[in-house]
Participant: 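Input: one structure, supplied below.
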Amino acid sequence: SQQGEEDPQALSIQEGENATMNCSYKTSINNLQWYRQNSGRGLVHLILIRSNEREKHSGRLRVTLDTSKKSSSLLITASRAADTASYFCATDEANSKLTFGKGITLSVRP
Amino acid sequence: NAGVMQNPRHLVRRRGQEARLRCSPVKGHSHVYWYRQLPEEGLKFMVYLQKENIIDESGMPKERFSAEFPKEGPSILRIQQVVRGDSAAYFCASSPMQGRFLEAFFGQGTRLTVV
């Protein structure tokens with residue numbers, strides 16, 4: 001069964017705008033991770049947030065985690081055309097594997 | 001340091017043939033995970049292996065699919081008698097420890113096309 005569910009499924013914004021993507025999950029987690037995948041390519045690890053953390057920053061990325069609501073958000077500030085990709089959240093549950101959502105397709109228009 | 005290496009990158013097989021996908025983990029990593037990604041979908045867990053052991057194969061189809069991670073050499077995902085529905089991207093990831101998937105190191109994937 002799907003653990004992470006991203007929202008929205010697709011997002012189209014203008015270059016320079018911020019992009020916010022959400023992820024909800026069902027069970028307890030050790031940590032939550034966000035990945036990027038360019039079309040036809042492999043996965044690139046973006047950021048990991050542990051279950052005892054609420055917010056984390058990495059460059060133009062900001063991730064929040066609300067374990068009471070079982071949700072996370074990924075914010076990309078000042079988006080660029082190169083940010084166009086699919087974004088996945090993945091949860092590390094107690095059973096030692098990552099479970100991925102279906103992904104969000106982000107299009108950044110130049 | 002080389003990351004996770006998968007080969008081949010692209011594989012075309014006719015229906016009924018066998019497909020063998022290889023994954024060399026990051027040096028020093030003894031835990032390997034295989035995932036399958038159908039077009040426009042997320043990654044679905046297939047199997048988790050340690051050296052010479054299958055730890056969790058709850059995502060593997062019951063028939064035609066098998067995986068191994070021998071003491072020496074890469075991990076192999078084997079699909080016998082492939083069908084069109086097996087066409088997908090297969091990704092391998094490795095990690096250095098069990099229990100906490102702190103950061104998965106993913107390969108570039110093998111894209112299998114069954115014709």
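Note on naming: letters A, B, ... go to the chains in the order of the sequence lines (proteins, then strands), and numbering restarts at 1 for each one.
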Participant: Is there a chain of hydrophobic side chains (I, L, V, M, F, W, Y, each step under 4.5 Å between heavy atoms) that links B:M46 to A:F88?
Facilitator: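 No, no single cluster joins them.
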
Participant: I'd like to know whether B:F106 forms a side-chain contact (heavy atoms from CB on, under 4.5 Å) with A:Q37, so could you lay out the CA-CA distance, the side-chain angles of the two residues, the decisive distance to 0.1 Å, and finally the verdict.
Facilitator: CA-CA 11 Å; B:F106 279 87; A:Q37 184 181 37; over 6 Å; no

Participant: Does a sphere of radius 6.0 Å around CZ in A:R54 hold more than 12 heavy atoms from other residues, nucleotides or ligands, not counting ones at 6.0 Å or beyond?
Facilitator: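 Counting other residues, nucleotides and ligands, CZ of A:R54 exceeds 12 neighbours.
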
Participant: Any heavy-atom pair between the side chains of B:L43 and A:Y35 that's under 4.5 Å?
Facilitator: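 A:Y35 does not reach B:L43 side chain to side chain.
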
Participant: Could you state the interatomic distance from CD (B:Q37) to OG (A:S86), rounded to the nearest 0.5 Å?
Facilitator: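 Going from CD on B:Q37 over to OG on A:S86, the span is 8.0 Å.
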
Participant: Which atoms of B:Q6 are under 4.5 Å from chain A, going by heavy atoms: the side chain, the backbone, both sets, or neither?
Facilitator: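 Contact with chain A: none, neither part.
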
Participant: Is it true that B:Y33 and B:L112 fall in one hydrophobic cluster, defined by side-chain heavy atoms closer than 4.5 Å?
Facilitator: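 B:Y33 and B:L112: separate clusters.
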
Participant: Which heavy atom of A:L43 sits nearest to which heavy atom of B:F91, and what is that distance?
Facilitator: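 Shortest heavy-atom contact: N-CE2, 4.5 Å.
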
Participant: Membership question, hydrophobic clusters at under 4.5 Å side-chain separation (ILVMFWY): are A:V108 and A:L11 in the same one?
Facilitator: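 Hydrophobic grouping puts A:L11 with A:V108.
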
Participant: Answer with yes or no whether the hydrophobic clustering places B:Y90 together with B:V47; edges join I, L, V, M, F, W, Y residues whose side-chain heavy atoms lie under 4.5 Å apart.
Facilitator: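 Yes; B:V47 is reachable from B:Y90 via cluster members.
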
Participant: If hydrophobic clusters are built by linking Ile, Leu, Val, Met, Phe, Trp and Tyr wherever their side-chain heavy atoms come under 4.5 Å apart, do B:I76 and B:F69 end up in the same one?
Facilitator: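 The answer is no; the residues belong to distinct hydrophobic clusters.
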
Participant: Quick check: does any side chain N or O of B:R111 sit under 3.5 Å from a backbone N or O of A:R41, one acting as donor and the other as acceptor?
Facilitator: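 At least one qualifying donor-acceptor pair exists.
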
Participant: Under 4.5 Å heavy-atom distance to chain A, tell me which part of B:S58 shows up: side chain, backbone, both or neither.
Facilitator: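 Looking at B:S58, just its side chain touches chain A.
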
Participant: Step through it carefully: locate the ring centre of A:F100, locate the ring centre of B:F45, and say whether they are under 6.0 Å apart.
Facilitator: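 Between B:F45 and A:F100, which both carry aromatic rings, the centre distance is not below 6.0 Å.
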
